[in-house]
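Here is how names work: the chains are called A, B, and so on, in the same order as the sequence lines, proteins then strands, and each is numbered from 1. Here the structure is a predicted model, which means the values were calculated and not measured. Because only heavy atoms are used, hydrogens play no part in the values below, and waters and symmetry mates are left out as well, while side chains stay in.
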There are 2 protein chains.
Amino acid sequence: MTDLADGAAPRRARGGTAPTIYDVARAAGVNPSTVSRALSRPERVSTATAQRIREAAAELEFHLNPTARALQTGRTNTLALMIGDITNPVVFDIIRGATAEAAQHGCTLIVTDSEESSTREAADARRLIPAVDGLILAITRLADEQIHDLARRKPLVVVNRDVGDRAASVLADLDPGIGAAVEHLAELGHRRLAYVPGPVVSWISGQRLLAIERACARLGLDCEAVGPRRPTREGGAAALDEVLATGASAVLGYNDMMMLGLLEAAASRGVRVPEQLSVVGFDDIFGADFASPPLATVRMPLALAGRRAVRMVLGHERAGAPLPTEFVPRPSAGPVAA
Amino acid sequence: MTDLADGAAPRRARGGTAPTIYDVARAAGVNPSTVSRALSRPERVSTATAQRIREAAAELEFHLNPTARALQTGRTNTLALMIGDITNPVVFDIIRGATAEAAQHGCTLIVTDSEESSTREAADARRLIPAVDGLILAITRLADEQIHDLARRKPLVVVNRDVGDRAASVLADLDPGIGAAVEHLAELGHRRLAYVPGPVVSWISGQRLLAIERACARLGLDCEAVGPRRPTREGGAAALDEVLATGASAVLGYNDMMMLGLLEAAASRGVRVPEQLSVVGFDDIFGADFASPPLATVRMPLALAGRRAVRMVLGHERAGAPLPTEFVPRPSAGPVAA
DNA sequence: TTGTATGCGTTATCAC
DNA sequence: GTGATAACGCATACAA
């Protein structure tokens with residue numbers, strides 16, 4: 001079978017470098033191309049030689065060189081997950097779902113953080129695109145046209161943003177979650193709502209407002225949007241005054257981060273939640289459940305979105321129905337004061 | 001932009017495939033090897049031809065194929081950052097620091113999540129190691145020997161764990177932060193502390209206890225460790241009874257996640273913090289500052305740790321002094337009841 | 001079923 | 001300073 005090695009260590013045909021299929025071929029007494037077949041297309045090789053080759057490979061601790069394979073096949077088994085701002089807790093679940101799904105397909109995931117810079121995001125995309133089989137964009141700052149250009153070169157999926165029919169996207173159906181949230185507020189006696197938008201350029205922020213307005217129209221509530229804010233705790237805190245000025249008894253915010261900030265501002269200024277103001281966020285990020293008071297929120301299945309994005313970019317799934325959102329009632333949404 | 005060859009679009013020498021240095025060479029009227037030099041080693045080419053080549057490359061929208069380059073040079077300009085559990089918020093600062101530093105060096109970062117499985121971590125490492133220039137292990141579940149094996153094949157840095165002199169690591173100096181925390185508790189009148197360890201296998205958990213014991217010895221306090229727990233909110237919540245049973249007036253936990261859980265358990269059971277029990281965590285994760293009450297904690301500069309890990313694995317920095325930790329006082333640590 | 005020959009796109013080693 | 005040519009390690013038509 002194998003020559004006697006002079007130790008427990010696998011014998012390396014050549015110095016410190018990793019063994020190649022040539023080394024395996026020599027050890028197994030076959031041609032290198034047979035080794036390649038045995039490892040990539042086992043069904044095209046007799047079971048006997050396949051067995052011999054596997055043993056030789058194991059003995060040598062051989063592993064296919066992914067770079068060489070990629071150069072030949074054009075496929076890298078690698079996906080890029082481009083994150084606009086990795087400090088945003090919503091991406092945690094997306095990353096987790098995506099890495100898990102990618103692993104199931106034998107794919108590795110490259111995660112980039114653009115630190116909110118569209119310039120950097122564009123540069124990373126250009127650099128990465130020849131080295132990956134597909135791109136997933138989460139919280140992208142790129143313009144629709146830039147996204148379309150990328151999508152012409154490699155499979156591309158955008159999470160949580162509709163960029164038209166020239167690029168695929170994983171979207172959420174906001175109505176179930178937002179509908180339930182507004183219904184809940186209506187049942188608690190609220191009649192007048194405020195919405196704190198995120199960045200004006202955010203497509204999803206606009207969608208959230210539209211869904212809120214649909215629900216309000218259906219249930220006969222008023223809704224007023226205040227000035228847009230940065231999607232941060234500071235932005236939410238800064239919005240408190242304006243929200244109170246609207247006379248609304250409940251506020252919905254672009255995301256949890258902002259409402260967490262608004263909650264802090266309310267506490268430090270003696271505005272009681274939910275007695276004086278009910279608060280509802282979006283995303284159900286880490287911390288929403290143990291904020292004080294715990295933050296009611298509308299969430300979408302982000303890990304599922306990450307998984308679906310991977311399946312779509314790999315061509316294993318076509319764009320399906322939007323993912324359902326869900327309302328999570330918590331103490332920050334309470335009855336309107338008598 | 002259109003794909004029409006005779007439009008304003010860059011002319012593609014061949015069909016849909018990306019242009020190569022051969023295409024650039026033909027367009028610039030030079031040899032392919034000169035193109036390669038002009039792009040990788042501009043100083044070895046006359047400025048005139050370099051200029052011509054750059055123009056031709058730009059015209060063709062040419063980009064070096066990183067796969068082919070990697071096959072030839074053996075360098076991929078890629079690092080793997082292997083995360084033991086990506087749901088742990090501490091890793092996000094590490095990821096952020098590492099991605100930023102890697103970007104500065106023109107390196108891309110592959111992030112993996114082992115989902116707490118050492119088997120999977122080992123498999124990912126074996127699969128990735130031929131495709132990267134180095135490995136960074138954060139929250140690794142691998143045994144020291146496995147780590148040493150990997151370190152023999154590629155540069156490797158472990159974050160927050162000492163694996164001896166056979167692999168590099170980025171460590172924290174726990175004494176400043178823990179010393180300040182214990183001093184703070186002592187000044188508040190505490191005399192008896194409890195420590196809730198994380199997993200018994202966790203090297204860093206043991207280190208934290210040792211540092212606490214050093215500080216207690218110095219300041220004349222008592223410290224008792226209770227049974228180890230899972231490093232989760234559930235684990236921390238489950239430890240509450242045992243902590244109270246020790247008679248300690250203050251508890252330090254392996255990490256913030258656990259102490260956040262303990263805080264919740266205390267609230268739901270009517271144990272007032274800090275009046276009946278002061279609580280101190282580790283890591284200063286997202287949410288620690290707005291928990292109720294806000295959680296005092298000891299933090300290390302995790303983003304800096306990520307940056308340093310990248311520099312070390314790239315060979316740009318040798319292991320330096322441990323990174324300093326810092327105590328962050330917050331209301332969960334208060335005066336001992338009279 | 002297996003072996004032969006060639007190409008993937010780049011860099012490296014020579015010549016010139 | 002530039003050109004020709006051989007690797008890098010694998011996959012794949014094609015021949016046997």
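- Residue Val35(A) is classed as having no contact, given no heavy-atom separation below 4.0 Å to the nucleic acid.
- In this structure, a donor-acceptor pair under 3.5 Å is present between the side chains of Arg69(A) and Ser40(A).
- In this structure, of dG3(D), dC10(D), dG7(C), it is dG3(D) that holds the atom nearest to the side chain of Asn31(B).
- Across the protein-nucleic acid pair, Asp23(B) atom CG and dG9(C) atom P stand 9 Å apart, rounded to whole Å.
- Atom CD in Gln51(A) sits about 17 Å away from atom P in dT1(C), given to the nearest Å.
- Taking atom CD1 on Ile21(A) and atom P on dT6(C), their separation rounds to 17 Å, with Å as the unit.
- dA4(D) atom P lies 14 Å from atom CZ of Arg26(B), rounded to whole Å.
- Side chains of Ser36(B) and Ser33(B): a donor-acceptor N/O pair is absent below 3.5 angstrom, by distance only.
- Close to dG1(D), at under 4.0 Å from its OP1 or OP2, lies no side-chain N or O of Arg44(B).
- The 5' end of DNA chain D is approached more closely, in terms of each residue's nearest nucleotide, by Ser46(B) than by the other of His63(A) and Ser46(B).
- With DNA chain D read from its 5' end, the first of the two nearest nucleotides for Val30(B) and Ala68(B) is the one closest to Val30(B).
- Looking at heavy-atom distances under 4.0 Å, Thr49(A) makes contact with sugar-phosphate atoms alone, never a base.
- Atom CG of Asn65(B) is separated from atom P of dG9(D) by 17 Å (rounded to the nearest Å).
- Proximity note for Val45(B) (side chain, C-beta onward) versus dT10(C), dT12(D), dT2(D): the nearest is dT2(D).
- Of the candidates dG7(C), dG3(C), dT2(D), the closest approach to any side-chain atom of Gln72(A) belongs to dG7(C).
- For His105(A), the ring pair (Phe, Tyr, Trp, His ring centres under 6.0 Å) partners two or more places apart in sequence, or in a different chain, are His316(A).
- Atoms CG (Leu71(B)) and P (dA12(C)) sit 12 Å apart, rounded to a whole Å.
- A close approach under 4.0 Å does not occur between any side-chain nitrogen or oxygen of Ser33(A) and OP1 or OP2 of dG3(C).
- Rounding to whole angstrom units, CG of residue Leu39(A) and C1' of dT2(C) are separated by 16 Å.
- Of the two residues contacting DNA chain C, namely Glu43(A) and Thr73(A), the nearest-nucleotide position lying further toward the 5' end is that of Glu43(A).
- Among the heavy atoms of the strands lying under 4.0 Å from Ser36(B) is at least one base atom, whether or not backbone atoms are also near.
- In summary, the side chains of Thr112(B) and Asp124(B) do not present any donor paired with an acceptor at a separation below 3.5 Å, with no hydrogens or angles considered.
- Between the P atom of dC16(C) and the CZ atom of Arg37(B) lies a distance of 16 Å, rounded to the nearest Å.
- Remark: side-chain polar atoms of Lys154(B) are not paired, donor with acceptor, to backbone N or O of Gly134(B) under 3.5 angstrom.
- With dT2(C), dT10(C), dG3(D) as the candidates, the nucleotide lying closest to the side chain of Thr34(B) is dG3(D).
- Counting any heavy atom pair closer than 4.0 Å across all strands shown, Arg41(A) reaches sugar-phosphate atoms only and no base atom.
- Side-chain contact, Arg126(A) with His63(B): a donor N or O sits under 3.5 Å from an acceptor N or O.
- Listed nucleotides dT12(D), dT2(C), dT11(C) differ in distance to Ser40(B); the shortest reach to its side chain belongs to dT11(C).
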